[in-house]
Amino acid sequence: MRLLKIGFLILCTVLLTLSCNNDDEGVNVEPLRDRTEQQKDDDTAITEYLNTHYYNSSMFGESNPDSRLEDLVITKLEENESVPEGSKLLSEAVEKKDAVFAETNYSYYILKLHQGKGQSIPNLIDAPKFSDNIRVKYTGNLLNEIIFDNNNASFSTNFDMLGLAVEGWRLVFPEFNAAMLPEVSSDGTVSYDKPGVGVMFVPSGLAYFNAIQNSIPAYSPLIFKFELLQYFENDHDGDGIPSYLEDLDGDGVFSVLDIDDNTDGDSEPNVNDVDDDGDGILTKDEISVTTTGKLDSRQEVLEYPLTTNQVLTNKILEEKDQATGEIKYTGTIITFPDTDEDGIADYLDAD
């Protein structure tokens with residue numbers, strides 16, 4: 001079973017198209033290398049980049065809360081040169097993160113410039129989950145500074161991180177909050193205030209690995225500079241359960257070969273299955289969706305008392321009284337009944 005899952009993950013790495021390259025004509029691959037050995041090489045290359053490049057740190061932080069992606073300048077530190085005043089070496093500013101993917105230990109790095117201050121449409125938001133849709137402005141480049149893609153001219157597309165993004169995106173974007181609710185001008189122009197702004201440095205194993213994507217060679221570590229503008233909670237199969245809650249083992253990967261992701265063992269993992277346990281009763285009919293009612297603050301929603309078989313989803317609605325300006329908040333609660341009290345929720349229990 002473990003070998004089958006490894007094969008499935010490798011196949012996904014080869015076949016999936018990165019969200020920022022929807023117009024790729026095809027994917028070529030090079031022979032597979034050992035993932036652990038390749039990670040060591042990639043981490044060495046990324047670390048060298050971080051140790052030899054600096055950014056204009058004084059343009060970001062609390063003293064410049066409105067700075068954006070276009071204000072970021074990353075510069076190579078020349079031999080015998082000192083880091084200029086108002087700048088900082090990337091290696092001194094990034095956060096190193098670790099993750100396990102395809103049964104391999106990976107390290108990746110995040111430069112957090114602005115956390116993000118806002119909300120999504122139409123729901124109040126903190127940060128996206130790995131399976132959500134995001135609206136993002138970005139530039140992608142190789143370690144040699146060659147830009148392979150950007151959407152600076154238009155960022156109206158929603159990217160589904162579950163199916164149309166490399167693993168690095170699914171790991172990094174949940175670390176940031178979205179922008180405040182967008183403003184729409186009379187001519188239809190949409191603008192976003194105080195988005196999450198950052199840079200991710202990901203090894204090839206969390207990107208394309210051995211796949212060749214247009215101007216991206218196989219086994220290339222990648223850099224993405226980005227603004228996280230919005231995110232939208234996904235329920236891919238429309239069964240009433242947000243997709244991130246269908247990742248029962250919490251590994252951020254859905255596989256038909258994993259019993260934790262595919263309760264009834266059919267051809268679809270739970271995230272795409274309207275009858276998760278295969279008992280002939282739709283999942284949406286074996287759960288109950290209610291609300292917290294209107295509360296005075298989002299904190300009250302987050303602290304709302306729940307029973308052991310309930311969860312508060314990531315969907316928190318904000319409602320403003322147009323007459324008084326008073327704002328109320330409503331949370332969405334899912335209850336998972338366990339009719340026969342065997343410790344397994346009805347929607348996962350075929351008995």
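Using a 4.5 Å heavy-atom threshold, the side chains of L113 and Y55 count as touching.
When each of Y106, Y108, F130 is tested with L171 by the rule side-chain contact (heavy atoms from CB on, under 4.5 Å), just one qualifies, namely Y108. Between F224 and the options F173, F201, F148, a ring pair (Phe, Tyr, Trp, His ring centres under 6.0 Å) holds for only F148.
At a cut-off of 3.5 Å, with distance as the only test, a side-chain donor of D43 or Y109 sits close to an acceptor on the other residue. Side-chain atoms of H114 and S67 include a donor-acceptor pair closer than 3.5 Å. Between the side chains of Y192 and Q230, at least one donor N or O sits under 3.5 Å from an acceptor N or O. Side-chain atoms of N270 and T263 include a donor-acceptor pair closer than 3.5 Å. When only modelled atom types and interatomic distance are considered, N234 and S131 share no side-chain donor-acceptor pair under 3.5 Å. Using modelled atom types and a 3.5 Å distance limit, the side chains of D346 and T339 yield a donor-acceptor pair. Side chain to side chain, S107 and D98 meet the donor-acceptor criterion of an N or O pair below 3.5 Å.
To the nearest 0.5 Å, atom CG of residue L206 and atom CE of residue M200 are 10.5 Å apart. Going from atom CZ of F232 over to atom CD1 of I134 covers 10.5 Å, rounded to the nearest 0.5 Å.
One finds no salt bridge joining K76 and E145 here, because no Lys/Arg side-chain nitrogen approaches an Asp/Glu carboxylate oxygen to under 4.0 Å.
When every heavy atom of D261 is checked against every heavy atom of L248, the shortest pair comes out as OD1-N, 4.2 Å.
The number of heavy atoms from other shown groups lying within 6.0 Å of CD (E81) is above 12. Counting non-hydrogen atoms of other residues, nucleotides and ligands closer than 6.0 Å to NZ of K328 gives a total above 12.
Remark: Y347 engages no residue in a side-chain hydrogen bond (donor to acceptor under 3.5 Å, both in side chains) (not counting sequence neighbours).
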